[in-house]
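Basis for what follows: all heavy atoms, side chains included, without hydrogens, waters or symmetry-related copies.
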Amino acid sequence: KEPAVIINTLNDKSDDVREATVFSIQKLKLEEASVDLVKLLKSLDFTKNLTLTTNAIAALSDLETAREGAEFLESKFREKT
């Protein structure tokens, strides 16, 4: 139950809260958060929110279950090139 409480705060309106959540997910290695991290990344404008975007990518890369995230990021980077 506790991981769900942490993961749900990724939906907070405050970037500061979401950044703290991403940090917590990364430190605690909450594998079940990978889908929610991908959702967060998909909702972000990569030209803004740089700290949140970078931290979310870093947290996702630390998770074993990040395959979907890797596919999304690869397509995102291909858009820019």
What residues, two or more places apart in sequence or in another chain, satisfy side-chain hydrogen bond (donor to acceptor under 3.5 Å, both in side chains) together with [X]?
| X | result |
| --- | --- |
| Glu19 | none |
| Glu31 | Thr65 |
| Thr9 | Thr21 |

Practice item. Give, for atom CG of Leu37 and atom CG of Asn55, the distance between the pair rounded to the nearest 0.5 Å. Key: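 If I round to the nearest 0.5 Å, the distance is 11.0 Å.
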Check your understanding: About how many Å separate CZ of Phe23 and CG of Leu28, when rounded to the nearest 0.5 Å?
Key ->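 If I round to the nearest 0.5 Å, the distance is 9.0 Å.
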Check your understanding: Considering residues at least two apart in sequence or located in another chain, which fulfil the side chain to side chain contact (heavy atoms under 4.5 Å, CB included) criterion with Asn11?
Key ->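 With neighbours one apart ignored, the set is empty.
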Review point. Can you list the residues that meet the side chain to side chain contact (heavy atoms under 4.5 Å, CB included) rule with Leu50, with sequence neighbours excluded?
Key: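 Testing Leu50 for side chain to side chain contact (heavy atoms under 4.5 Å, CB included), a comparison that skips the adjacent residues, returns none.
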Distance-minimising heavy-atom pair for [X] and [Y]:
| X | Y | answer |
| --- | --- | --- |
| Leu41 | Thr53 | CD2-O, 3.9 Å |
| Ser34 | Leu60 | O-CD1, 3.8 Å |
| Ile6 | Ser24 | CG2-CB, 4.2 Å |

Review point. Quick one: does Ser43's side chain have a donor or acceptor within less than 3.5 Å of a partner on Leu40's backbone?
Key: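 Confirmed, Ser43 side chain pairs with Leu40 backbone.
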Review point. So Ile25 and Leu10, side-chain contact (heavy atoms from CB on, under 4.5 Å) or not? Walk me through it.
Key: CA-CA 10 Å; Ile25 288 169; Leu10 285 173; 3.8 Å; yes
**Study point:** Pairs flagged by salt bridge (charged side-chain N to carboxylate O under 4.0 Å, His left out) wherever residues 7-18 is involved - sequence neighbours left out
**Key:**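 Of all non-adjacent pairs touching residues 7-18, those that pass salt bridge (charged side-chain N to carboxylate O under 4.0 Å, His left out) are Asp15-Arg18.
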